[in-house]
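Structure record follows, encoded as structure tokens.
In this text the structure is predicted, and so the values were computed from the model without any measurement. We count ligands from 1, going down the list as the structure has it; atoms in each ligand are counted the same way.
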Amino acid sequence: MAALNIVIMAAGKGTRMKSALPKVLHRLAGRSLLAHVLASTEGLQAGARRIVVTGHGAEQVEAAVGAPGIAFVRQMPQLGTGHAVQQAVPALEDGGVTLILNGDVPLIQTVTAQRLVEACGGGKLALLTIELADPSGYGRIVRQGEAVQAIVEHKDATPEQRRITEGYTGMMAAPTAALKRWLAQLKNDNAQKEYYLTDIVAMAVAEGVQVLGIAAPDETEVLGVNSPVQLADLERRYQRQQAVALMDGFGVRLADPARFDLRGTLDCGSDVEIDVNCVFEGKVRLGEGVKIGANCVIRNADIAAGAVIKEFTHIDGESQGASVGEGSLIGPYARLRPGAQLGREVHIGNFVEVKNSTLADGAKANHLAYLGDASVGERVNYGAGSITANYDGANKHRTEIGADVHVGSNCVLIAPVTIGAGATIGGGSTITKPVEAGSLAVARGRQVAISGWVRPVKAKK
Ligand code: UD1
Ligand code: MG
């Protein structure tokens, strides 16, 4: 297979974003614009060279997306798209094809890029074009009959050329050797005093090289991001696509696809229901029949079949992950943190926080509680307001709670501590010593009755 170079232009400032962050690092569905472009070029061709042209915020951009196999070239100052690709010339592998993409057009699909590369075939110049209702700002594809003659930039176009509705998307594939030759001839005698990459089209025509205008399959794929409004618009389009894919592909029932956000991957079994305003991030798996209530945020978690996550629940497994067992009931207003591993039919109620803790099948913590660094046995009932005091100010310690333990309300279990199976902890106890299996531990001030006590009264003036 012929060599493939992929040049991604990402040096522009993005003035209209009105942001200190370089434009290509702004996020769409949780990932930077540039990361989207890099991801869609990953599967193009083994051994393809990927070269990112950086300029504005170069260090930040390079640090954010740097990975083995990605080369960076700097363009300082930025004198136009032709000048950008000129900077990449020393990094291009000779022979074969060079594909040119835009770092701010995030939703380009691998198959579309592949089509461009194939159309070029090492001998032709292939341009990705789009039919636009409002083409202003775009370079226009000037044709004579079917044959592409040139691209004319909006600012340089005649009134007649401005009526052309076929626009250049900014993406092309060119034979590498010819591209180098053409780039060397670019001039900046135009309205913007820039070196236009698009001027190579007329050069190709003059040399008798065939130029193909290939229509993009849909507009969303080729939309660029120049402003916060455009970014938000593209985000909604992308979220809509993901929502439709989940509904069509897995039968997921989204209460409203317009109020659904996926910033990562969501893998669903059949009969999953998701209410409005839920956000899924990282890698999330929902088993068969899982129900997610409104306003939940779920990140890096695995929710097993039949579990119900009620409204306003926050689950974040971070890098460790979090898991909810089959048939469990979580929330409303529950919080599961990294390392929360819940067995089957576990109940976690409102304002309960679980971190780095294992809860065995049937365990329950229904109200206002904290379980951190704990192992909780089967069928344990953990009372309202009870907490594990897992941190001594320097180190974290574990709490072990055996099966069938009943922890009353408002208890403090000071770790490290072990509660034997079947034990009962009286409400309001502060437990600092091991509790034997089957015993009752009470550790609180005894109630006293003072008879004849007189309540104070206000002194009379
Ligand atoms: C470019 C095309 C235009 C096309 C449009 C599609 C040219 C001359 N024009 O115009 O035909 O319709 O895209 O969106 O190519 N960049 C650099 N260095 C530079 C200038 C730009 O890296 O010196 C990068 C930008 O960061 C951006 C991309 O190139 O990712 C396109 O640049 P932009 O300034 O948006 O080009 P347009 O004027 O929109
Ligand atoms: Mg642009």
* Asked: Does V53 come within less than 4.0 Å of ligand 1, judged by its heavy atoms?
  -> no
* Side-chain heavy-atom pair D104, N226 within 4.5 angstrom cut-off -> yes
* Report the part of Q75 (side chain from C-beta onward, or backbone N, CA, C, O) that has a heavy atom under 4.0 Å from ligand 1; answer both or neither where that applies. => side chain
* To do: Could you check if a side-chain atom of R181 sits within less than 4.5 angstrom of a side-chain atom of E207, using non-hydrogen atoms only?
  => yes
* To do: Please say whether Y168 places an N or O atom under 3.5 Å from an N or O atom belonging to ligand 1.
  => yes
* Structure fact -> So CG of L127 and CD1 of I151: to nearest 0.5 Å the spacing works out to 4.5 Å
* Asked: Below 4.0 angstrom, N of the basic side chain to O of the carboxylate: do R253 and D271 qualify?
  -> yes
* Salt bridge K180-D94, side-chain N to carboxylate O under 4.0 Å -> yes
* Asked: Does A11, backbone or side chain, put an N or O under 3.5 Å from an N or O of ligand 1?
  -> yes
* Asked: Between E153 and ligand 1, is there a nitrogen or oxygen pair with a distance under 3.5 Å?
  -> yes
* Would you indicate whether the side-chain heavy atoms of H36 and Y238 approach each other to under 4.5 Å? => yes
* Enumerated ligand 1 atoms positioned under 4.0 Å from heavy atoms of M9 -> 22 (O), 24 (C), 29 (O), 30 (O)
* Considering the heavy atoms of L79, write down every atom of ligand 1 situated less than 4.0 Å from one of them. => 23 (O)
* Considering only heavy atoms, does T169 approach ligand 1 within less than 4.0 Å through its side chain, its backbone, both, or neither? -> backbone
* Hey, which atoms in ligand 1 end up nearer than 4.0 Å to a heavy atom of G139? -> 3 (C), 4 (C), 11 (O), 12 (O)
* Asked: Any side-chain donor paired with an acceptor under 3.5 Å for S323 and Q341?
  -> no
* When only distance counts, is G12 in polar contact with ligand 1, meaning an N/O pair under 3.5 Å? -> yes
* To do: Number the atoms of ligand 1 from 1 as they appear, then name those within less than 4.0 Å of a heavy atom of Y196, with their elements.
  => 8 (C)
* For the residue pair T112 and P217, establish whether any side-chain heavy-atom pair is separated by less than 4.5 Å. => yes
* Side chains of E326 and L342: does their closest heavy-atom pair fall under 4.5 Å? -> no
* Is ligand 1 under 4.0 Å from a heavy atom in the side chain of A84, in the backbone, in both, or in neither? -> side chain
* Asked: Relative to atom 20 (C) of ligand 1, which among A10, P135, G82, G80 owns the nearest non-hydrogen atom?
  -> G80
* Asked: Under a heavy-atom criterion of less than 4.0 Å, does G224 contact ligand 1?
  -> no
* Proximal atoms of ligand 1 relative to N102 (non-hydrogen, under 4.0 Å) -> 27 (C), 28 (C), 29 (O), 30 (O), 31 (C)
* Would you kindly specify which portion of K23 sits under 4.0 Å from ligand 1, judged on non-hydrogen atoms: side chain, backbone, both or neither? => neither
* Answer yes if the side chains of N390 and T388 hold a donor-acceptor pair under 3.5 Å, and no otherwise. => no
